[in-house]
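Because the structure is a prediction, the values reported are computed rather than measured.
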Protein chains: 4
Amino acid sequence: MHLVLDLDSEVPIYQQIRDRVVEAIADGLLAPGASLPSTRQFAVDLAINFHTVNKAYDLLRREGIIRINRKSGAVVHPDVRRATAELRVGVDWEQRLRTLLAEAVVRGVPEGEVLTYVRTTLEGFAKQSEGGGQG
Amino acid sequence: MHLVLDLDSEVPIYQQIRDRVVEAIADGLLAPGASLPSTRQFAVDLAINFHTVNKAYDLLRREGIIRINRKSGAVVHPDVRRATAELRVGVDWEQRLRTLLAEAVVRGVPEGEVLTYVRTTLEGFAKQSEGGGQG
Amino acid sequence: MHLVLDLDSEVPIYQQIRDRVVEAIADGLLAPGASLPSTRQFAVDLAINFHTVNKAYDLLRREGIIRINRKSGAVVHPDVRRATAELRVGVDWEQRLRTLLAEAVVRGVPEGEVLTYVRTTLEGFAKQSEGGGQG
Amino acid sequence: MHLVLDLDSEVPIYQQIRDRVVEAIADGLLAPGASLPSTRQFAVDLAINFHTVNKAYDLLRREGIIRINRKSGAVVHPDVRRATAELRVGVDWEQRLRTLLAEAVVRGVPEGEVLTYVRTTLEGFAKQSEGGGQG
DNA sequence: GTGGTCTAGACCACT
DNA sequence: GTGGTCTAGACCACT
C-alpha cells in the first residue's frame with residue numbers, strides 16, 4: 001500500500017489519504033475485505049502524525065468505504081457497493097462532476113477529449129479490478 | 001445572474017460562487033465580455049458578506065476566468081479560453097476527475113451510466129453556448 | 001436464540017449482544033431461569049470472537065440480568081426484577097431516555113407519535129411475556 | 001449556556017456535550033439561529049481542551065443540528081427540523097428506544113410509570129420551547 | 001476573532 | 001496490538 005501525498009496542497013492531508021484510498025479500491029489494488037495499514041504504521045510510512053491517518057480512516061468509515069475493528073484494524077468494506085450506495089451522496093457527486101466539466105468547457109477542452117479521458121480512466125479501473133489483487 | 005448557495009456545505013462560500021460562475025459561463029449564461037454583478041450588489045443578492053464575493057472574484061481573476069476593472073467592474077475574460085489555458089491547472093483537474101470517477105466505481109455505478117451523465121452534461125453546455133454567446 | 005448484529009455500527013459488538021439479550025428477555029423469548037447459549041456456541045453462531053461473547057455475558061451478570069454457573073452455564077436471573085432493581089441504574093436510564101426524547105423533539109417528531117411508539121413497543125413486550133414466560 | 005459534564009463517565013466528553021446541546025435545544029434554551037459559545041471559550045468554561053469541543057461541534061454539524069461559520073461561529077441550525085429530518089437516523093433512534101424500554105421492562109418498571117415519565121419529559125420540552133429564549 | 005489542521009504524546013478500551 | 005480519546009500547542013484559513 002503505497003501512496004503519494006502533496007504536503008503543500010490546499011487539500012488537507014486526511015482528505016488526500018481518503019481520495020487515494022478510494023482510487024486504490026477502484027484500481028483493484030485494495031479488494032473488498034482487504035486490510036489497510038494500521039493507523040500508526042501508515043503514519044510512519046507517510047511520515048505524518050497518526051491522528052491524521054485516524055481522521056482519514058474515520059472519514060472513510062462514515063462513508064461506508066471501510067470497516068474499522070479495534071482488533072483487526074481497518075479493512076475495505078466487504079460489501080462496499082451496498083454500504084456506500086445507501087448514503088445520499090449522489091446529488092453532491094453530480095454537482096462536483098458538473099463543476100469539473102464546466103471548467104473543461106470554459107478552458108476550451110474539446111468535448112471528445114474529455115470523453116476520451118473519462119472513458120480511459122474508467123477502463124483503467126475496470127481492467128485493474130478484473131485481475132485485481134487481495135491488497 | 002441568479003445563483004444558489006448551500007450554507008451547510010463543507011465547500012466554502014467563495015468557492016461555491018466561483019464554481020457557479022464557471023458553470024454559468026459553460027452554460028452560456030455569461031458570455032465572454034459579459035458583466036458580472038458588482039461585488040456589493042452580488043453580496044446583497046446572496047445575503048452574504050461583501051468580502052466573500054470579493055474573494056470569489058479574486059479567485060476567478062487569478063484563474064484567468066474574469067477581468068476586473070476599477071471602472072467597468074468584473075467581466076468574463078474576453079478571451080477566456082486562452083487566458084485559462086495558459087495556467088497549469090490541467091494536472092490538478094485530471095486528479096480531481098480521477099477521484100470522482102473512482103468514487104463512482106467504488107459505489108458500483110455502471111460505466112455506461114457515468115459516460116451518459118458526462119455526455120449529457122457536456123451537450124447541455126454546448127447547446128446553451130451556441131445560442132447564448134456573443135464571443 | 002437468534003440475534004442480528006450490525007458490524008458497521010459504532011456500538012461495540014459486546015454491547016449489541018447485551019442489548020439484544022435484554023430485548024429478548026423483555027420479549028419473553030428468554031424467561032427467567034432460561035438458558036443462554038454457551039459462549040463458544042454463541043460465538044460460532046454469530047461468527048465473532050469467543051471473548052466478545054464472554055464480555056457481553058460478564059456485563060449482563062454485573063447488571064444482575066443473568067447468572068453464570070460453571071456447570072450449568074449462563075441463565076437469565078431467576079429473579080431478574082429484584083436483582084436488577086437493586087442496582088443504581090435509574091438515574092443513568094432517565095438521562096439516556098431524556099437525550100433520546102430531546103432528539104425526537106429537535107427533529108420535530110410530534111409528541112403523539114413518540115408516545116404511540118413507546119406505548120406500542122411496551123405493549124409488544126407485555127403481550128409476548130404473557131404467553132412465553134415461566135417466571 | 002451552562003452544562004454539566006461527568007468526566008468519570010464512560011460516555012466520551014464530546015458525546016456528552018453533543019447530548020446536552022441537543023437537550024438544551026429541546027428545552028428551548030437554545031432557539032434555532034441562537035449562537036453557541038466559541039470552541040475556545042466553551043473549552044475554558046468546561047475546563048477541557050478546545051479540540052474536544054471541536055469534535056462535539058463537528059458531530060452536531062454532521063447531524064444537521066448546528067451550522068458552523070468561520071466568522072460567526074456555531075449557531076443552532078435555523079431550520080433544524082428540516083436539516084435533521086433529512087438524515088436517516090430514524091431506524092437507529094427506534095432501536096435505541098426499544099433497548100431502553102426493554103431495560104425498564106426487565107427491571108419490572110410498570111408500563112404506566114414509563115409512559116408517565118415519557119409524557120412528563122416531552123411536556124417539559126414543549127413548555128420550555130413555547131416561551132423559549134433566543135439563547 | 002473564529003474554526004480547521006497538524007503535530008506530539010499520554011492513557012484507555014477492545015479483542 | 002489495534003483504534004479511540006484527551007490534552008497541549010502551533011500555525012493557517014476565512015471573514
- Can a salt bridge be assigned to the pair A/D27 and B/R98 using a cut-off of 4.0 Å between side-chain N and carboxylate O? yes
- Query: Of all the choices, E/dG4, E/dC6, E/dA8, which nucleotide is nearest to the side chain of A/N49 once you look at every atom?
  - Reply: E/dA8
- Item | Side-chain ion pair, D/D58 and D/R61, N-O less than 4.0 Å | yes
- Task: Would you mind classifying the nucleic acid contact of A/D58 as base, sugar-phosphate or nothing, using non-hydrogen atoms under 4.0 angstrom?
- Result: nothing
- Task: Report yes if a side-chain nitrogen or oxygen of D/S38 is closer than 4.0 Å to either non-bridging phosphate oxygen (OP1 or OP2) of E/dG1; otherwise report no.
- Result: no
- Task: Report yes if at least one side-chain N or O of D/N69 is closer than 4.0 Å to OP1 or OP2 of E/dT2; otherwise report no.
- Result: no
- D/R61 CZ to E/dG4 C1', straight-line distance once rounded to whole Å: 10 Å
- Task: Tell whether D/R40 reaches the base of E/dG4 with its side chain through a donor-acceptor pair below 3.5 angstrom.
- Result: yes
- Task: Please state how far atom CD1 in A/I68 lies from atom C1' in F/dG4, giving the value in whole angstrom units.
- Result: 10 Å
- Determine, stepwise, if the pair D/Q16 / C/Q95 fulfils side-chain hydrogen bond (donor to acceptor under 3.5 Å, both in side chains). CA-CA 11 Å; D/Q16 291 184 48; C/Q95 176 58 77; over 6 Å; no
- Between the base of E/dG9 and the side chain of A/H51, is there any donor-acceptor pair under 3.5 Å? yes
- Query: Salt bridge or not for B/R107 and A/E63, using N-O below 4.0 Å?
  - Reply: no
- Expressed in angstrom and rounded to an integer, what is the separation of A/L60 atom CG from F/dG4 atom P? 12 Å
- Atom-pair distance (CG on A/N54; P on F/dG1), nearest Å: 18 Å
- Mapping A/S72 and A/A47 to their closest nucleotides on DNA chain E, which lands nearer the 5' end? A/A47
- If pairing means Watson-Crick or G-U wobble with both distances under 3.5 Å, then the partner of F/dT7 is E/dA8
- Taking atom C1' of F/dG4 as reference, at what distance in whole Å does atom CG of A/L59 sit? 17 Å
- Note on the structure: The residue, D/A74 or A/Q15, whose nearest nucleotide of DNA chain E is more 5′ is D/A74
- Message: Using Watson-Crick or G-U wobble geometry with both distances under 3.5 Å, which nucleotide pairs with E/dC14?
- Response: F/dG1
- Would you kindly compare A/P37 and A/E10 by the position of their nearest DNA chain F nucleotide and give the one closer to the 5′ end? A/P37
- Whole-Å distance separating the CZ atom of A/F50 from the P atom of F/dG3: 9 Å
- Message: Base, sugar-phosphate or nothing for B/Y14? Non-hydrogen atoms, less than 4.0 Å.
- Response: sugar-phosphate
- Message: Closest-nucleotide mapping onto DNA chain F: is D/I13 or B/I13 further toward the 5' terminus? I mean the 5' end.
- Response: D/I13
- side-chain N/O C/T52 vs E/dC14 OP1/OP2, d < 4.0 Å: no
- Can you tell me the distance, in whole Å, between the CG atom of D/L46 and the P atom of F/dT7? 10 Å
- Note on the structure: The nucleotide from E/dT5, F/dT15, F/dT5 with an atom nearest the side chain of B/K55 is F/dT15
- Using 4.0 Å as the upper bound for N to carboxylate O, is an ion pair formed by A/R62 and C/E10? no
- Interatomic distance, A/R70 CZ vs E/dC14 P [rounded to whole Å]: 6 Å
- In Å and rounded to the nearest 0.5 Å, what is the CD to CD1 distance from A/E103 to B/I25? 10.5 Å
